[in-house]
Amino acid sequence: MATQLRLRSALALITGAGSGIGRAVCVRLAREGATVAACDLDGAAARETLGLLGGPGNVEGVPRGAHAAFQADVSEAVATRRLLEQVQVCFSRPPSIVVSCAGIIRDGFLLHMSEDDWDKVISVNLKGIFLVTQAAAQALVSNGCHGSIINISSIVGKVGNMGQTNYAASKAGVIGLTQTVARELGRHGIRCNSVLPGFITTPMMQKVPQKVLDQVTGMIPMGHLGDPQDVADVVAFLASDDSGYITGASVEVTGMRPSWGGRGQRNGIQMI
Ligand SMILES: CCCCCCCCCCCCCC(=O)CC(=O)SCCNC(=O)CCNC(=O)[C@H](O)C(C)(C)COP(=O)(O)OP(=O)(O)OC[C@H]1O[C@@H](n2cnc3c(N)ncnc32)[C@H](O)[C@@H]1OP(=O)(O)O
Ligand SMILES: NC(=O)C1=CN([C@@H]2O[C@H](COP(=O)(O)OP(=O)(O)OC[C@H]3O[C@@H](n4cnc5c(N)ncnc54)[C@H](O)[C@@H]3O)[C@@H](O)[C@H]2O)C=CC1
């Protein structure tokens, strides 16, 4: 399939770029002409991602700046501010596309969940997106630049999931944060949307009991779990002007109709 160059001349900052969905997003956005700033807690992993993007100028007729990798813990305010400063020094401009993929799980049932497991997941998955979104928005607004911010939530933030009170709360918070940022920044030409994937085959899924995966897969009309590229395709759309009138949206990428989790509707009555 011919790849459109919808993102030529755009600078894209992706967090969680060292693995799974974040890595796939870097590859997809670079393929559409974006210059990629790949950030991860694991700096070596972010640099490995660069190796998948090809060098500058590798897209016919599209002058490219070199991509770059950065190490930062997005749950730390000082580190996140420094990250945005480093990106602007490196590229002489703020990123007009910001994709927050960095995230963790610390699964456990409510009756046994530790305060630390709660705090850590909220700190990375929710506070981390607050810090990245705030720092990026401050840079864009102070430079009079438009932009597209895409936050990776999860379908769990909408329907819940056993063993994930901390994670579900963090992802539900991402949806509310995104909707509010959209309301506040629309006047500055900055859009903000969230993506809600279902199970996507990445290292994050490794500890999920096979029985659970089998049950969930049986609920998916398309009959299989998603790939990171399935999410990256939607992110590329939300990053581009093709979604220019979409903001505050929560786009589900689950292999089934929206509002996954119920048994569907019969005669218009929601079955739960
Ligand atoms: C099956 C119906 C699902 C309905 C739809 C719900 C939406 C789910 C889609 C989520 C897609 C998005 C995922 C995402 O954003 C990325 C991730 O978060 S990947 C990680 C997802 N994590 C989980 O799903 C939790 C999996 N569970 C565990 O890791 C362990 O069970 C846990 C650490 C929570 C507890 O371990 P332990 O104490 O050892 O208990 P068991 O593992 O033996 O489980 C006891 C019992 O509970 C059942 N069970 C566990 N988790 C789930 C679950 N998520 N959904 C349904 N049932 C679950 C498990 O099968 C056991 O059942 P038994 O009948 O007793 O064998
Ligand atoms: N895999 C799945 O089934 C789904 C994943 N998601 C979400 O998608 C995003 C990406 O997840 P995956 O690619 O599956 O996971 P992954 O574990 O493959 O990648 C997550 C990346 O984030 C990085 N990271 C973790 N904490 C960080 C921090 N404090 N600062 C900077 N980077 C940090 C990790 O080093 C890793 O490279 C996460 O937000 C996750 O919650 C949402 C729905 C489904």
Side-chain angles (χ1 to χ4, degrees), residues 4-16 22 25 28-29 32-37 39 65 70 72 74-75 77-103 122 125-154 157-158 170-196 231-253 258:
Q4 305 179 60
L5 290 175
R6 293 180 291 191
L7 306 179
R8 70 179 73 191
S9 81
L11 173 62
L13 169 63
I14 298 96
T15 71
V25 168
R28 186 72 168 78
L29 301 192
E32 291 208 33
T35 297
V36 166
C39 165
F70 301 85
V74 298
S75 70
V78 172
T80 303
R81 278 199 293 274
R82 184 169 59 238
L83 168 67
L84 268 294
E85 288 164 3
Q86 289 173 335
V87 168
Q88 293 176 84
V89 166
C90 183
F91 295 102
S92 306
R93 55 179 164 148
S96 60
I97 298 167
V98 179
V99 189
S100 279
C101 302
I122 297 294
N125 295 5
L126 182 55
K127 182 181 164 187
I129 287 189
F130 160 70
L131 292 172
V132 170
T133 301
Q134 183 185 54
Q138 287 171 338
L140 287 166
V141 170
S142 59
N143 285 276
C145 300
H146 290 184
S148 177
I149 299 170
I150 299 122
N151 295 323
I152 307 298
S153 176
S154 166
K158 188 170 183 179
S170 75
K171 293 303 186 178
V174 169
I175 295 169
L177 178 152
T178 299
Q179 291 167 330
T180 301
V181 169
R183 290 177 183 274
E184 291 186 15
L185 299 187
R187 65 179 58 102
H188 297 288
I190 299 169
R191 297 183 293 116
C192 191
N193 293 288
S194 57
V195 178
L196 281 57
V231 181
D233 291 343
V234 173
V235 169
F237 165 69
L238 291 172
S240 77
D241 291 339
D242 289 345
S243 58
Y245 198 54
I246 298 175
T247 193
S250 304
V251 182
E252 299 178 17
V253 185

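Index from 1, following the sequence. Note that the structure is a prediction, hence the values are computed from the model and not measured. Just the heavy atoms: all of them, side chains too, but no hydrogens, waters or symmetry mates, feed the values below.
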Engineer: Do any side-chain atoms of residues 129-141 form donor-acceptor pairs under 3.5 angstrom with protein atoms, and if so which ones, sequence neighbours left out?
Structural biologist:
residue: Thr133; atom: OG1; partner: Ile129; partner atom: O; Å: 2.7

Engineer: To the closest 0.5 Å, what do you measure between OG1 (Thr15) and CG (Leu83)?
Structural biologist: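 Those atoms lie 8.5 Å apart.
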
Engineer: CZ/Arg28 to CG/Leu7 distance, rounded to the nearest 0.5 angstrom?
Structural biologist: 8.5 Å

Engineer: Going by atom type alone, with no hydrogens or angles, which donor-acceptor pairs under 3.5 Å involve a side-chain atom of residues 84-97 and a protein atom two or more places apart or on another chain?
Structural biologist:
residue: Gln88; atom: NE2; partner: Leu84; partner atom: O; Å: 3.1
residue: Arg93; atom: NH1; partner: Ser9; partner atom: O; Å: 2.6

Engineer: How about Ser250 and Thr178: do any of their side-chain heavy atoms sit closer than 4.5 Å?
Structural biologist: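 No, every pair of side-chain atoms sits at 4.5 Å or beyond.
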
Engineer: Mind checking the CD1-OG1 spacing from Ile175 to Thr180? Nearest 0.5 Å is all I need.
Structural biologist: 12.0 Å

Engineer: Side chains of Ile150 and Val234: does their closest heavy-atom pair fall under 4.5 Å?
Structural biologist: no

Engineer: So if I apply the side-chain contact (heavy atoms from CB on, under 4.5 Å) rule between Val195 and each of Ile152, Val99, Val174, which one comes out positive?
Structural biologist: Ile152

Engineer: For Cys101 and Val25, which heavy atoms make the closest approach, and how far apart are they?
Structural biologist: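 Shortest heavy-atom separation between Cys101 and Val25 comes out as SG-CG2, 4.4 Å.
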
Engineer: Is the shortest heavy-atom distance from the side chain of Cys192 to the side chain of Ile190 under 4.5 Å?
Structural biologist: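 Of all side-chain heavy-atom pairs linking Ile190 with Cys192, none is under 4.5 Å.
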
Engineer: Search all heavy atoms of Cys39 against all heavy atoms of Leu13 and return the closest pair with its distance.
Structural biologist: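 Answer, listing the atom of Cys39 first, then Leu13: CB-CD1, 4.1 Å.
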
Engineer: For residues 235-243, dump all side-chain donor-acceptor pairs below 3.5 Å to protein atoms at least two apart in sequence or in another chain.
Structural biologist:
residue: Ser240; atom: OG; partner: Phe237; partner atom: O; Å: 2.9
residue: Ser240; atom: OG; partner: Asp242; partner atom: N; Å: 3.1
residue: Asp242; atom: OD2; partner: Arg6; partner atom: NH1; Å: 2.9
residue: Ser243; atom: OG; partner: Arg191; partner atom: NH1; Å: 3.0
residue: Ser243; atom: OG; partner: Arg191; partner atom: NH2; Å: 3.2
residue: Ser243; atom: OG; partner: Phe237; partner atom: O; Å: 2.8
residue: Ser243; atom: OG; partner: Leu238; partner atom: O; Å: 3.0
residue: Ser243; atom: OG; partner: Ser240; partner atom: O; Å: 2.9

Engineer: Between CG of Asn125 and CG of Asn151, what distance do you get to the nearest 0.5 Å?
Structural biologist: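 Between atom CG of Asn125 and atom CG of Asn151 there are 11.5 Å.
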
Engineer: For the atom pair OG (Ser153) and CG (Leu196), what is the distance rounded to the nearest 0.5 Å?
Structural biologist: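 Taking OG in Ser153 and CG in Leu196, the distance rounds to 4.0 Å.
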
Engineer: Please name the pair of heavy atoms, one in His146 and one in Gly189, separated by the smallest distance, quoted to 0.1 Å.
Structural biologist: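 Shortest heavy-atom separation between His146 and Gly189 comes out as CB-O, 3.2 Å.
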
